[in-house]
Amino acid sequence: IITKAFVQGLPKAELHLHIEGTLEPELKLRLAQKNGVDIGQNTIEEVRASYQYDDLASFLAVYYPAMQVLRTEEDFYELAMAYIDKAVENSVRHAEIFFDPQAHMSRGVSFSTVINGLYQAIIDGRAKHVDAQLIMCFLRDWSRLSAYETWQASLPYRDRIIGIGLDSDEHNNPPLKFYPQFVEAEQQGLYLTAHADIDQKDSISHIRELIEVIGVSRIDHGTNIVEDMDLVEYAAKHHIGFTTCPLSNTFVRPDMKGKEVLTLLEHGVKVSPHSDDPAYFGGYISDNYYALATQYNLTQEQVVQLAKNSFAVAWISEKQKAIYM
Ligand code: ADE
Ligand code: ZN
């Protein structure tokens, strides 16, 4: 039987976490007050009551306005440092953390404010034995030009970013929309990932584009790949990682996609559970492992395999992997 203590103590890598999605109600209210931002709620209960969503669009409609409370370098530092403490509690040894610069720059917060705050927390996190990196995500429902401008703004901070990703609304925004950006990022030595969401329209064709054309090393969610078993075999052979988010799935679809996870495990695909937006979806990484393990009766061996998978597809050296695994 899998216990909460067992999954909590299991060393793991967090590879699918939006830092803006770790903004807990308490910090949100405190920053709103400090920065004089009216978020429409004044108590924790009111904030929690506003968390009503049943699909990606309704979630994003709550998620983006909340970010307005983040204004200064210190705010971003505090946000990321609170996450580092959660990482410690959850035995996360290595974290690759998404951030959405466009969501901040569009409301007048500079790229440097965002990255300086986040990066300082990463430096200070090393003393707590959490090794963290940043993945810059482009909002895929925004223009290619906006992504390009964001890329340009990031260039002075190139050594603080390990990879790029795509998030936000996938509907009618295929990965190939950003093909030139992926090519340029790869040329500069960055790793590539992208969301290819479970029940989005065209999910399997987006997964094909990512694997066959763009050549990503991971896909965020992406469990719909089970619709094409040839592609599953290819993903297994080439060690492509799939970062599934059990608790966030339950908000936007009927189940945690556990059956798909089991199929991927059976075929040797490197799938692992992660948190997505833990302040909004009810739990950090151990909660996600635990929910998946109990709902689908996973064996201890399978749970350990999931954690090993997370290190196997992390963007770290083989030497580092050997230490963690
Ligand atoms: N941005 C933050 N969380 C997201 C999610 N679950 N899907 C797409 N974009 C996101
Ligand atoms: Zn996500």
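One is the number of the first residue; the rest follow in order along the sequence. Both ligands and their constituent atoms are indexed starting at 1 by order of listing.
Interface atoms of ligand 1 facing Leu56, defined by a heavy-atom separation under 4.0 Å, are 5 (C), 7 (N), 8 (C). Applying the 4.0 Å criterion to heavy atoms of Phe59 picks out, from ligand 1, the atoms 3 (N). Atom numbering of ligand 1 starts at 1 in the shown order; those under 4.0 Å from a heavy atom of Tyr63 are 1 (N), 2 (C). Applying the 4.0 Å criterion to heavy atoms of Asp277 picks out, from ligand 1, the atoms 2 (C), 3 (N), 4 (C), 6 (N).
The Zn ion (ligand 2) has an N, O or S atom of His18 inside 2.8 Å of it. Residue side and main chain included, His195 places an N/O/S atom under 2.8 Å of the Zn ion (ligand 2).
Ring geometry for Phe251 against Tyr53 counts as tilted: the plane angle lies between 30° and 60°, on a 0 to 90° scale. Classified by interplanar angle (parallel below 30°, tilted 30° to 60°, perpendicular above 60°), the ring pair His195/His18 is tilted.
For the pair Asp255/Thr250, no side-chain contact is recorded, criterion being any heavy-atom separation below 4.5 Å from C-beta on.
In terms of protein heavy-atom proximity, atom 6 (N) of ligand 1 is closest to Asp276 OD2, 3.0 Å.
Looking at Gln102, its side chain does come within 3.5 Å of a backbone N or O of Leu139 through a donor-acceptor pair.
Within a 6.0 Å radius of CG in Leu155, more than 12 heavy atoms belonging to other residues, nucleotides or ligands are found.
Aromatic pair Phe281/Phe59: ring centres closer than 6.0 Å.
Using a 4.0 angstrom heavy-atom cutoff, Phe98 does not count as in contact with ligand 1. In this structure, Ser168 counts as a contact residue of ligand 1, since one of its heavy atoms falls inside 4.0 Å of the ligand.
Looking only at its N/O/S atoms, Asp276 has OD1 as the one nearest to the Zn ion (ligand 2).
The cationic atom of Arg158 (NZ for Lys, CZ for Arg) does not lie both less than 6.0 Å from the six-membered ring centre of Trp151 and within 45° of the ring axis.
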